[in-house]
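Please read these numbers as outputs of a predicted model, since none were measured by experiment.
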Amino acid sequence: MIIYFIFSQEGFEEAKSDILADKATLWVNADFLSDEHTVELQQAGINVHTFPEKVNGSNEKSILQALKPIEEKNPEAEILIEYL
């Protein structure tokens, strides 16, 4: 399983083809994806999740707090994180 944490539109556009090819799981902040992107990803079989709290992609502590519960639930997953 591959999981992506994406925080910027630029990062999403750069990773989009890999996310689709890997059938990866995507984690983003609420209201990050447009309705069109959400539909496109869901139709491609991509699981899209929103963080329960806003994650600051330029703050390592914020990212680590979001990472911990996801990593605990998916210990074998490869997690790719966009750092701003």
Side-chain angles (χ1 to χ4, degrees):
M1 168 186 269
I2 300 175
I3 299 172
Y4 283 78
F5 284 17
I6 302 292
F7 303 105
S8 72
Q9 291 300 320
E10 297 83 16
F12 174 70
E13 291 302 326
E14 287 179 18
K16 184 178 172 183
S17 62
D18 291 333
I19 293 167
L20 293 169
D22 295 336
K23 296 290 185 195
T25 297
L26 177 62
W27 281 85
V28 296
N29 284 315
D31 300 326
F32 176 80
L33 295 173
S34 67
D35 292 340
E36 294 82 18
H37 280 135
T38 301
V39 168
E40 177 185 6
L41 292 167
Q42 289 174 342
Q43 287 177 343
I46 304 303
N47 290 320
V48 178
H49 301 278
T50 55
F51 295 112
E53 295 179 11
K54 184 168 176 63
V55 177
N56 180 345
S58 61
N59 181 296
E60 187 175 349
K61 184 175 180 180
S62 181
I63 293 169
L64 290 173
Q65 285 177 325
L67 174 64
K68 186 176 180 181
I70 295 167
E71 195 172 43
E72 286 173 356
K73 289 180 185 174
N74 304 283
E76 301 298 319
E78 178 179 356
I79 301 175
L80 304 170
I81 301 169
E82 175 191 17
Y83 284 95
L84 302 177

Exercise for review: Report the C-alpha separation of F7 and I63 in whole Å, then their side-chain angles, then the decisive distance to 0.1 Å, and conclude whether the side-chain contact (heavy atoms from CB on, under 4.5 Å) test is met.
Suggested key: CA-CA 10 Å; F7 303 105; I63 293 169; 4.2 Å; yes
Check your understanding: Cluster question for you: counting only ILVMFWY and a side-chain heavy-atom cut-off of under 4.5 Å, with indirect links fine, are Y83 and I70 together?
Key -> yes
Check your understanding: Hey, what do you get for CG (L26) to OH (Y4), rounding to the nearest 0.5 Å?
Key -> 9.5 Å
Check your understanding: Rounded to the nearest 0.5 Å, what separation is found between the CG atom of N59 and the CG atom of L64?
Key -> 9.0 Å
Review point. Taking the side chain as C-beta and beyond, is there a heavy-atom pair between W27 and I79 under 4.5 Å?
Key: no
Point to revise | Shared hydrophobic cluster for F51 and L84 (ILVMFWY, side-chain gaps under 4.5 Å) | key: yes
**Study point:** Pairwise distance CD1(I81) to CG(L67) - rounded to 0.5 angstrom
**Key:** 4.5 Å
Study note, to complete from the structure: The side-chain contact (heavy atoms from CB on, under 4.5 Å) partner of E40 among H37, Q42, E36 is H37
**Study point:** Point-to-point distance, once rounded to the nearest 0.5 Å, from OG1 of T25 to CD1 of I3
**Key:** 5.5 Å
**Study point:** Any donor-acceptor pair under 3.5 Å from K23 side chain to A44 backbone
**Key:** yes
Check your understanding: Would you find a donor on one side and an acceptor on the other, under 3.5 Å apart, between the side chain of E82 and the backbone of G57?
Key -> no
Check your understanding: Just wondering, more than 12 heavy atoms not from E72 lying within 6.0 Å of its CD?
Key -> yes
Practice item. Taking the side chain as every heavy atom from C-beta outward, state whether T50 and F32 have any atom pair closer than 4.5 Å. Key: no
Check your understanding: In Å and rounded to the nearest 0.5 Å, what is the CD1 to CG distance from I2 to N74?
Key -> 12.5 Å
Exercise for review: Evaluate the side-chain contact (heavy atoms from CB on, under 4.5 Å) criterion for residues F5 and V55: first the C-alpha distance (whole Å), next the side-chain angles of each, then the deciding distance (0.1 Å), finally the verdict.
Suggested key: CA-CA 10 Å; F5 284 17; V55 177; over 6 Å; no
Study note, to complete from the structure: Output for pair (L20 CG, L41 CG), nearest 0.5 Å, gives 6.0 Å
